[in-house]
S.K.: 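Take a look at this one; I'll ask things after.
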Amino acid sequence: MAMALLPVRCLRLFPLRPSQLPAPTRGLSGARGGPTPVLPLGRRLAVVTAVGGAAGGAWLYLRARKERERRERRQRELRALALGQGNFQLVDHRGRPRCKADFRGQWVLLYFGFTHCPDVCPEELEKLSRVVELLDRDAALPRVQPLFITVDPERDDVAAVGRYVRDFHPRLLGLTGSPEQVRAVSSAYRVYASAGPKDEDGDYIVDHTIIIYLLAPDGLFLDYYNRSKTADKIAESVRRHMESYEPLLD
Amino acid sequence: MSAPTMKERKACWAARDEFWRCLDRHTEDAPRCEKLRRSFESLCPQQWVKYFDKRRDFLKYKEKLESEGFQPPETAGKA
């Protein structure tokens with residue numbers, strides 16, 4: 001009956017009659033002379049599984065460690081870069097003064113632009129609004145705060161920014177301030193901004209870095225997304241950051 | 001002068017797109033699309049018209065590069 005349980009090739013290799021198979025308790029020492037009894041199939045499978053399992057486990061552990069080291073290296077690099085350090089003092093589109101500390105504890109998606117922007121800023125802000133919508137769908141994730149900071153403080157006063165952000169996500173907060181204050185926050189985030197020549201109407205276009213910045217709850221820059229990143233990809237990345245978040249600063 | 005509203009932006013983009021579609025149909029033969037050009041200019045701020053014209057030039061140039069490959073200018077050597 002036991003023979004029926006053995007695969008055919010085993011029968012060919014070990015053509016023993018059931019009575020000749022060693023009982024499990026005897027092991028390799030083999031009672032009397034003759035061929036050394038081999039471990040039963042069950043025992044062999046157990047050994048192979050144990051070795052395979054150990055190898056697999058080691059591989060998984062090494063892979064996890066490599067990933068941890070890569071993340072730690074990236075965190076050291078970001079800490080050294082320390083983008084967005086220092087406080088900023090701006091005014092939101094309702095006229096309330098806001099400083100950087102007001103956003104501590106929140107995840108922030110930040111975009112620098114200006115209200116007279118022909119196409120890029122509206123497109124990027126639409127994309128940003130879409131990202132926030134996608135993330136909002138998951139009730140388990142913290143709510144992201146979308147921020148718009150103008151690079152054109154001369155024209156974009158509180159009223160102008162208020163009119164502008166109304167067209168996008170309801171949580172989008174617009175920030176402006178004096179030219180000095182805006183310059184300070186732009187340089188803290190290494191944002192390039194350069195006003196072009198004025199025409200007869202006094203209108204001009206501001207050439208600027210087109211990037212959406214992700215800020216962690218500790219206020220530091222964690223990641224960035226350029227024009228080519230879709231809303232889905234950005235939402236996916238933000239979610240990953242939220243799930244694996246460890247504060248950079250102690 | 002305050003910035004265009006979302007409604008005004010969309011009207012401007014629509015006029016621009018119509019104008020560009022006309023140019024595509026008539027292979028950049030601008031006089032044929034005069035009416036649409038005037039509509040585009042009236043619905044968009046002057047700065048935007050200049051910006052979109054430059055953008056159009058760039059997109060056409062890019063298309064040319066992608067289909068014909070890069071040809072260095074013959075008058076190379078002039079600084």
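Naming convention: chains lettered A, B, ... in sequence-line order (proteins, then strands); numbering from 1 in each chain. Here the structure is a predicted model, which is why all the values come from computation and not from measurement.
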S.K.: Does CZ belonging to Arg143(A) count more than 12 external heavy atoms closer than 6.0 Å?
M.R.: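 Correct, the count exceeds 12.
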
S.K.: Which atom names give the shortest non-hydrogen contact between Phe52(B) and Pro118(A), and what distance separates them?
M.R.: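 Looks like CZ-CB, 3.9 Å.
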
S.K.: Check this for me: Lys64(B), atom NZ, are more than 12 non-hydrogen atoms of other residues, nucleotides or ligands nearer than 6.0 Å?
M.R.: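 Open.
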
S.K.: Please examine the side chains of Thr5(B) and Tyr164(A), heavy atoms only from C-beta on, and report whether any two atoms are closer than 4.5 Å.
M.R.: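 With C-beta onward as the side chain, the pair stays apart.
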
S.K.: To the nearest 0.5 Å, how far apart are CG in Asp201(A) and CD in Gln46(B)?
M.R.: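 If we round to the nearest 0.5 Å, Asp201(A):CG and Gln46(B):CD are 5.5 Å apart.
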
S.K.: Check this for me: Arg171(A), atom CZ, are more than 12 non-hydrogen atoms of other residues, nucleotides or ligands nearer than 6.0 Å?
M.R.: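 Yes.
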
S.K.: Can you measure from OH (Tyr51(B)) to CG (Asp203(A)) and round to the nearest 0.5 angstrom?
M.R.: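 Answer for the OH-CG pair, Tyr51(B) versus Asp203(A), is 13.0 Å.
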
S.K.: I need the minimum non-hydrogen distance between Met6(B) and Asp167(A), along with the two atoms involved.
M.R.: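 In terms of heavy atoms, the two residues are closest at CB-OD2, 3.1 Å.
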
S.K.: Around Tyr204(A), counting heavy atoms of other residues, nucleotides and ligands shown, do more than 12 lie under 6.0 Å from its OH?
M.R.: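 Buried by this count: over 12 neighbours within 6.0 Å.
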
S.K.: Which members of residues 33-40 of chain B, sorted by number, sit under 4.5 angstrom from chain A on a heavy-atom basis?
M.R.: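 Checking residues 33-40 of chain B against chain A gives no residue, so none.
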
S.K.: Would you call Asp199(A) and Lys50(B) a side-chain contact if the rule is heavy atoms closer than 4.5 Å?
M.R.: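 A side-chain contact exists here, since the closest heavy-atom pair is under 4.5 Å.
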
S.K.: Just how far is it from atom OG of Ser2(B) to atom NE2 of His116(A), taken to the nearest 0.5 Å?
M.R.: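 Spacing of OG (Ser2(B)) from NE2 (His116(A)) equals 6.5 Å.
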
S.K.: Which value, rounded to the nearest 0.5 Å, describes the distance between Cys121(A) atom SG and Arg9(B) atom CZ?
M.R.: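 Between Cys121(A) SG and Arg9(B) CZ, I get 9.0 Å after rounding to 0.5 Å.
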
S.K.: With a 4.5 Å heavy-atom cut-off, do Trp13(B) and Pro122(A) have their side chains touching?
M.R.: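 Trp13(B) reaches Pro122(A) side chain to side chain.
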
S.K.: Using non-hydrogen atoms only, which part of Asp119(A) is less than 4.5 Å away from chain B: side chain, backbone, both, or neither?
M.R.: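 For Asp119(A), the contact with chain B is made by backbone and side chain together.
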
